[in-house]
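First the structure, in the form of structure tokens, and then the observations on it.
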There are 2 protein chains.
Amino acid sequence: MKVTLEEIIQSIYPLPQQVLEDVLEHFQHLEYPKNYFLLKPGKPCKYLWFMIEGAVRYFYTNEQGKEINTWFSLDTQIITDTTSFVHQEPAQESIQLIENCELCAIEYSALQTLLQKHHSFALWYIKLVEMHYISQIEDRLADLQFLDAKQRYQKLLNHYPDITNRISLGNIASYLNITQETLSRIRAGKI
Amino acid sequence: MKVTLEEIIQSIYPLPQQVLEDVLEHFQHLEYPKNYFLLKPGKPCKYLWFMIEGAVRYFYTNEQGKEINTWFSLDTQIITDTTSFVHQEPAQESIQLIENCELCAIEYSALQTLLQKHHSFALWYIKLVEMHYISQIEDRLADLQFLDAKQRYQKLLNHYPDITNRISLGNIASYLNITQETLSRIRAGKI
DNA sequence: ATTATTTTTTGATATACATCAAATCACTTT
DNA sequence: AAAGTGATTTGATGTATATCAAAAAATAAT
């Protein structure tokens, strides 16, 4: 059974019924095909998305034109470029679908209106940021700082056992901050 | 002129006078000597601190017993182990003063009470987390992912021009995720 | 099925940085 | 000032991973 937006929202921090209804009205339900860009550099990130089903990658393009993945969101996760979204300033990264996706989205201005209008929604948003965003980035930071390439790959595999079927080796290598040659050697057990 | 707690709070998101007064009453004003530990691993991080004056380091101790710095807060920054604080679970890292410090602190439970009590304080806390916490970690993540040792050092110097007088080479090297020998060679221009 | 295109693997070499050991420098303390 | 202690620098060597080039395998297009 696919998860619903309402279930996602209520699992973060339960809202009173009439607040929930107001919130749900401000979301749009969207479907996009594989390779579609949710965000391109230079544009402010206008939305906060919730993934119902699918997969996306976040990436930067460096001076040499090489794409470097910084994050994946697979199924039921929140998607946004937080820095660009919270300051409504031009994004530096891209967000691209790597599978056909089903998403729910709320606009920045609608979010601000709801935060001002409902105290309970502000408490909900605090939980969202604390639980989903901060934990994710801090985990990733600790990984980069303490683990070597092989350990980072094994952790990713534990977290997403089916990732090799959904995301190409090159994309995973880029995320792990190693070359695809090195990842290939790790898979072959040569490292 | 030293900054006051009230100025720090109001610069994040202005609060109505009577909310501000309630908030200020829940803070304690503290002074601790150099080397004092604000947090040790295994204990939940009970406080959110605001630095008035001084410097602290955050560090992990790895399996080989080596201390690895993950962060510095110098003057007027917020201090907390966010993961431990927001979930009130045992911390994995230490926070130690590297200068005599003047701090203001609020307890987790007091913060929760104020968040429930004042809608405007919840909006204030959202700004705090968005501006101070998320931006900081994302910057650091990007640094680790895209910059080499020398570039990270130069960026740190730009951000804190006086850091070499306040923090030892070993502590800085640990933060940059390189050995102190490598940092010494970078300083000498040999890299 | 055959060809074209993309993805993954393999090999040889190069580089950034770590590690280990020792020397030098800079403070304290007597 | 001398001795002691911790911080920093230097040198020699080792290792993980990058880079470049090419082969093999998998996937898509004709």
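Chain A is the first sequence line, chain B the second, and so forth, proteins listed ahead of strands; every chain is numbered from 1.
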Check for a donor-acceptor pair, side chain of B:Trp124 on one end and backbone N or O of B:Pro14 on the other, with a separation under 3.5 Å.
no

Residues which pass side-chain contact (heavy atoms from CB on, under 4.5 Å) with [X], listed by chain and number, not counting sequence neighbours:
X: B:Asn171; answer: B:Arg57, B:Asn69, B:Phe72, B:Ile98, B:Ile167, B:Ser168
X: A:Asp148; answer: A:Lys150, A:Gln151
X: B:Pro33; answer: B:Tyr36, B:Asn100
X: B:Tyr160; answer: B:Leu74, B:Gln77, B:Leu156, B:Asp162, B:Ile163

Pairs where residues 74-114 of chain A contributes a residue and the test ring-ring contact (aromatic ring centres under 6.0 Å, His included) is met, not counting sequence neighbours
A:Phe85-A:Tyr108

Close approaches to DNA chain C from residues 153-162 of chain A, in residue order (heavy atom, under 4.0 Å):
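Within this stretch, nothing sits under 4.0 Å of the strand.
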
Please list, in numerical order, the residues of residues 164-187 of chain A that have a heavy atom closer than 4.0 Å to any atom of DNA chain C.
A:Ser168, A:Leu169, A:Gly170, A:Gln180, A:Glu181, A:Ser184, A:Arg185

Closest non-hydrogen atoms of B:Val19 and B:Phe121, given as atom of the first, atom of the second and distance, are CG1-CB, 4.4 Å

With sequence neighbours left out, the residues meeting side-chain hydrogen bond (donor to acceptor under 3.5 Å, both in side chains) with B:Ser184 are none

Run the side-chain hydrogen bond (donor to acceptor under 3.5 Å, both in side chains) test against B:Ser84 and tell me which residues pass, sequence neighbours left out.
none

Could you work out how much the helix from C:dA1-D:dT30 to C:dT30-D:dA1 bends, comparing the axis of its first five pairs with that of its last five, to 10°?
40°

On the six-membered ring of A:Tyr175, is A:Arg140 placed so that its NZ or CZ lies under 6.0 angstrom from the centre and within 45° of the ring axis?
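Yes - A:Arg140 lies over the ring of A:Tyr175, closer than 6.0 Å to its centre and within 45° of its axis.
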
Enumerate the residue pairs fulfilling salt bridge (charged side-chain N to carboxylate O under 4.0 Å, His left out) with a member in residues 22-50 of chain B, sequence neighbours excluded, ordered by first and then second residue.
B:Asp22-B:Lys117

If you apply the rule ring pair (Phe, Tyr, Trp, His ring centres under 6.0 Å), what do you find for A:Tyr125 with A:Tyr13, and how did you get there?
CA-CA 8 Å; A:Tyr125 184 66; A:Tyr13 181 87; over 10 Å; no

Opening and closing nucleotides of DNA chain C in contact with chain A, under 4.0 Å to non-hydrogen atoms
C:dT8 to C:dA12

